[in-house]
Each structure stands twice: as structure tokens, then as C-alpha cells.
Amino acid sequence: QVQLVESGGGLVQAGGSLRLSCAPSGRTFSSDAMGWFRQAPGKEREFVAAIAGRSGSTHYADPVKGRFTISRDNAKSTLYLQMNSLKPGDTAVYYCAARSGPGIVTTTRGYDYWGQGTQVTVSS
């Protein structure tokens with residue numbers, strides 16, 4: 001059974017940083033695209049960032065460009081999201097996602113596997 005397990009969430013003051021990790025089990029995704037999404041209370045789940053499977057190219061949602069960095073360590077089969085200059089508007093549950101295919105997709109329906117989510121709370 002494939003599982004994605006996120007970690008690294010927590011409470012941080014505005015301007016602070018957090019690094020999220022996502023560790024897959026049951027299969028590797030070194031050649032597949034992976035991404036991060038987030039969902040705030042009362043809102044739909046939205047795309048944050050993604051990384052391609054082979055090229056390693058990245059794509060970011062406009063609200064996080066220049067502040068967040070997505071990366072992966074294929075040797076450890078781990079996906080990361082470094083979040084800097086955090087704002088209260090970044091408060092949400094963050095989800096790791098993986099798909100069967102190398103290309104970047106920015107919609108939730110494009111991903112086949114999801115983690116359980118990790119809470120990120122940014123206080124003002």
C-alpha cells in the first residue's frame with residue numbers, strides 16, 4: 001500500500017520559516033512529479049508547488065513565489081517544501097501529493113496519491 005507521510009508543520013510567527021517533509025512508502029516516485037497543496041478552513045484545496053519527475057523543473061503558485069522552495073532528495077525518497085517569510089495567510093493544512101507520470105500538474109485531480117496533511121499556523 002502506498003502512503004505519503006508529511007512532517008514538519010507547526011506554529012510559527014509571521015516572518016518565520018518552516019520546512020515540510022514528505023516521505024513515501026510502498027513505492028518510489030523518483031521519476032514522477034510530486035507536489036504540495038494546502039487547504040485553509042472553509043476554502044478549497046489549492047496548488048502550492050510542484051516538481052517534475054525527470055527534469056526536476058519546478059512550478060509555484062503566485063502567492064508563494066520567491067518565498068517557498070520545493071525540492072526532492074531521490075536518494076532518501078523525500079520531498080521537501082522550504083517555507084520562508086511566512087504570512088498569516090499561509091495558515092492551512094499542507095498536503096503532499098504524487099502522481100504516476102513525470103509532468104507537472106497543478107490540479108488536485110492530476111495526483112494519484114495524497115498524504116494525510118500537516119498543519120501550518122502562522123501567527124501575526
Side-chain angles (χ1 to χ4, degrees):
Q1 183 177 357
V2 177
Q3 287 186 315
L4 304 178
V5 180
E6 301 102 332
S7 61
L11 173 64
V12 64
Q13 288 188 332
S17 299
L18 283 174
R19 188 176 80 156
L20 306 183
S21 299
C22 172
S25 64
R27 64 165 282 183
T28 60
F29 294 95
S30 57
S31 297
D32 300 303
M34 297 185 72
W36 290 96
F37 288 73
R38 67 186 182 186
Q39 188 167 17
K43 295 187 176 181
E44 293 187 352
R45 193 169 299 188
E46 64 177 8
F47 171 77
V48 174
I51 186 166
R54 297 196 182 103
S55 68
S57 61
T58 58
H59 182 69
Y60 297 90
D62 285 344
V64 307
K65 280 181 181 177
R67 300 188 298 123
F68 291 10
T69 302
I70 188 171
S71 63
R72 66 197 300 169
D73 184 336
N74 285 334
K76 297 181 179 179
S77 299
T78 302
L79 179 74
Y80 302 99
L81 184 68
Q82 177 67 42
M83 305 186 294
N84 298 329
S85 302
L86 282 160
K87 305 174 181 179
D90 295 318
T91 295
V93 177
Y94 283 70
Y95 296 90
C96 169
R99 62 185 304 265
S100 296
I104 286 176
V105 175
T106 61
T107 59
T108 56
R109 65 180 62 185
Y111 289 83
D112 305 298
Y113 306 97
W114 292 87
Q116 81 289 350
T118 185
Q119 177 70 47
V120 171
T121 304
V122 184
S123 64
S124 57

Would you name the heavy atoms of Val122 and Thr91 that are closest together and state the gap between them?
N-OG1, 2.9 Å
Can you measure from CD (Glu44) to OG1 (Thr108) and round to the nearest 0.5 angstrom?
8.5 Å
Is it true that a side-chain atom of Thr78 and a backbone atom of Lys76 form a donor plus acceptor pair closer than 3.5 Å?
yes
Backbone N or O of Tyr80 within a donor-acceptor pair of the Trp36 side chain at under 3.5 Å?
yes
In the single-linkage hydrophobic clustering (I, L, V, M, F, W, Y; side-chain heavy atoms under 4.5 Å), do Ile104 and Tyr94 co-cluster?
no
Does a donor on one side chain and an acceptor on the other come within less than 3.5 Å for Ser100 and Asp32?
no
CD1 of Ile51 to NE2 of His59: how many Å apart, nearest 0.5 Å?
13.5 Å
Show the nearest heavy-atom pair for residues Pro24 and Ser77, with the distance to one decimal.
CD-O, 2.6 Å
Calculate, to the nearest 0.5 Å, the distance between atoms CG and CZ belonging to Leu81 and Phe37 respectively.
12.0 Å
What pair of heavy atoms forms the shortest contact from Gln82 to Ser17, and how long is it?
NE2-CB, 3.9 Å
Does some side-chain heavy atom of Asp112 sit less than 4.5 Å from a side-chain heavy atom of Phe29?
no
In one Ile/Leu/Val/Met/Phe/Trp/Tyr side-chain cluster, 4.5 Å: Phe68, Val93
no
On a heavy-atom basis, which atom in Ala92 and which in Ala40 lie closest, and how many Å separate them?
CB-N, 3.8 Å
For Phe47 and Val105, which heavy atoms make the closest approach, and how far apart are they?
CE1-O, 4.0 Å
Yes or no on side chain to side chain contact (heavy atoms under 4.5 Å, CB included) for Met83 and Asp90, after CA distance, side-chain angles and deciding distance?
CA-CA 9 Å; Met83 305 186 294; Asp90 295 318; over 6 Å; no
Heavy-atom pair of closest approach, residues Glu6 and Tyr95:
OE2-CA, 3.3 Å
If you measure only the distance, is there a donor-acceptor pair under 3.5 Å linking the side chains of Arg99 and Tyr111?
no
Mark yes or no for whether Arg72, through its side chain, and Ala52, through its backbone, hold a donor-acceptor pair below 3.5 Å.
yes
Counting N and O atoms only, with roles assigned by atom type, does the side chain of Ser31 sit under 3.5 Å from a partner on the main chain of Gly53, one being a donor and the other an acceptor?
no
d(Arg27 CZ, Tyr113 OH) to nearest 0.5 Å is 4.5 Å
About how many Å separate CG of Leu79 and OG of Ser21, when rounded to the nearest 0.5 Å?
8.5 Å
Ile70 CD1 to Met34 CE distance, which is reported to the nearest 0.5 Å
8.0 Å
